[in-house]
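Since the structure comes first, as structure tokens, the remarks are kept for the end.
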Amino acid sequence: MGNKKDFRSLTVGNHELSPETQMMGYGFDPKLSEGALKPPVFLTSTFVFESAEHGKDFFDLVGGRRELNPGESAGLVYSRFNNPDMEVLEDRLALWEKSELATVFSSGMAAIFTAIMAHMKPGEVLVYSQPIYGGTETLILNLMPKWGIKTVGFAANDSKAAIDEAFKKAQEMGPVGMALIETPANPTCGLVDIRYVRNWLEDCQDSDGERPPLAVDNTFLGPVWQKPLEHGADIVLYSLTKYVGGHSDLVAGAAAGPARWVKPMKQMRSAIGNHIDPHTCWMVMRSLETLKIRFERATENARTIAEFLHNHPKVDKVHYLGFLETGSPAHAVFTRQCLAPGSTFAFDLKGGEPEAFRFLNALEVVKLAVSLGGTETLICHPASTTHSGVPKDLRAKAGVNDALCRISVGIESAEDLIADLTQALDKV
Ligand SMILES: *Cc1c(COP(=O)(O)O)cnc(C)c1O
């Protein structure tokens, strides 16, 4: 790294290094691991104390009875609290996000659940955008009421009126405890203005009289193409299973943001144990080395494929962020908030479920599977799979109709993908 004495160095001379350069070494000191270039996988549940006094001090730190001094790092105690692989991974994620803290979880859902549990109390109201990831909707609709958490949804389609209405309704129902938004929304790519929601939260007080936090699920574009902390988010949430993991071979999640909001999540994780195991941490670190180059290639392929579908006679509409109309409110939000359209989008075939199914069954290269953000192109039928648990009227409101297919474009040759889509569309 730039300054050889400091393995956390961010610069070479006066030049600030970018995250894609830092991913190969940041936060790891080879001297601590026999000179190994890459971090070993620390398969250990516990760590040996140098002395009884050290053990006592470590527990004071982990138990929150003492704060870290400037420049001091917490010692390792037990792998439910921390592990070298987990620490290096968290430091690297924080670098992408330019956040004070990042904390990793066993899945994206574990991160979302912990955000809600760490920041909300019974009687408070959760305001959230719809459509939202199917698992998140199920969590909100089926589990939150059990803990006395009330919920109000609003449509993610750039309507300020819908956000105003949701917050007014929420404030009548009880103190607002949190806002959770997913932008772009899955699967329709509806956008939510992050700053506008944050401004509403400035006028809210939770049951302790504090401003409630804004959590943004950044799985679709982050951390490369969208930086929610710069637009007013307090907590950025991830399913690392998707673009960050990027090879469809692991399940993991993360949260990033200022310590004020992320530390309570980390404390809850230590208490309940929904952290990531060392091997999966190592896998995510390996993925971070190629994150930018994968995302760039997938985004480029997606543009080529969106254009192909847009011009195809059997396709009705392509919901691709790159096609937003200049001058529309959605385009203004896109230009302000997003750096690129990403590589996951939906499109409506002409017809309904029979046409969609004939097309999907005829594909040979593109695989029929849920999930997204991997090196390979995946396609799915949200109405009958990812969003089948969402009530039909909510699905209709969100534009999840029976002819809608969602594609997550990978890094293959775009010509090969188009050849496959062409022959499958011919069979509809
Ligand atoms: C996949 C996904 C999740 C859930 O993540 P898991 O890692 O599967 O638990 C949450 N939000 C979005 C947007 C997702 O795509």
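In listed order, ligands and their atoms are each counted from 1. In what follows, every heavy atom counts, from backbone to side chain, and hydrogens, waters and symmetry copies are set aside.
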Can you pull every nitrogen or oxygen pair between ligand 1 and the protein closer than 3.5 angstrom?
| from | atom 1 | to | atom 2 | distance (Å) |
| --- | --- | --- | --- | --- |
| ligand 1 | 5 (O) | Ser239 | OG | 3.0 |
| ligand 1 | 7 (O) | Gly108 | N | 2.9 |
| ligand 1 | 7 (O) | Ser239 | OG | 2.8 |
| ligand 1 | 7 (O) | Thr241 | OG1 | 2.6 |
| ligand 1 | 9 (O) | Gly108 | N | 3.0 |
| ligand 1 | 9 (O) | Met109 | N | 2.9 |
| ligand 1 | 11 (N) | Asp217 | OD2 | 2.7 |
| ligand 1 | 15 (O) | Lys242 | NZ | 2.7 |

task = Output, in order, the C-alpha distance, side-chain angles, deciding distance and verdict of side chain to side chain contact (heavy atoms under 4.5 Å, CB included) for Val125 and Thr151.
result = CA-CA 5 Å; Val125 188; Thr151 61; 5.9 Å; no

query = Cation over ring, Lys314 on Phe359, under 6.0 Å and within 45°?
reply = no

request  = Fit a plane to each ring of Phe334 and His331, take the angle between them on a 0 to 90° scale, and name the class: parallel (under 30°), tilted (30 to 60°) or perpendicular (over 60°).
outcome  = tilted

ask   = Under 30°, 30 to 60°, or over 60°: which ring-plane class applies to His310 and Phe323, parallel, tilted or perpendicular?
value = tilted

query = Asn401 and Arg395: side-chain donor and acceptor closer than 3.5 Å?
reply = no

request  = Could you check if a side-chain atom of Lys160 sits within less than 4.5 angstrom of a side-chain atom of Tyr196, using non-hydrogen atoms only?
outcome  = yes

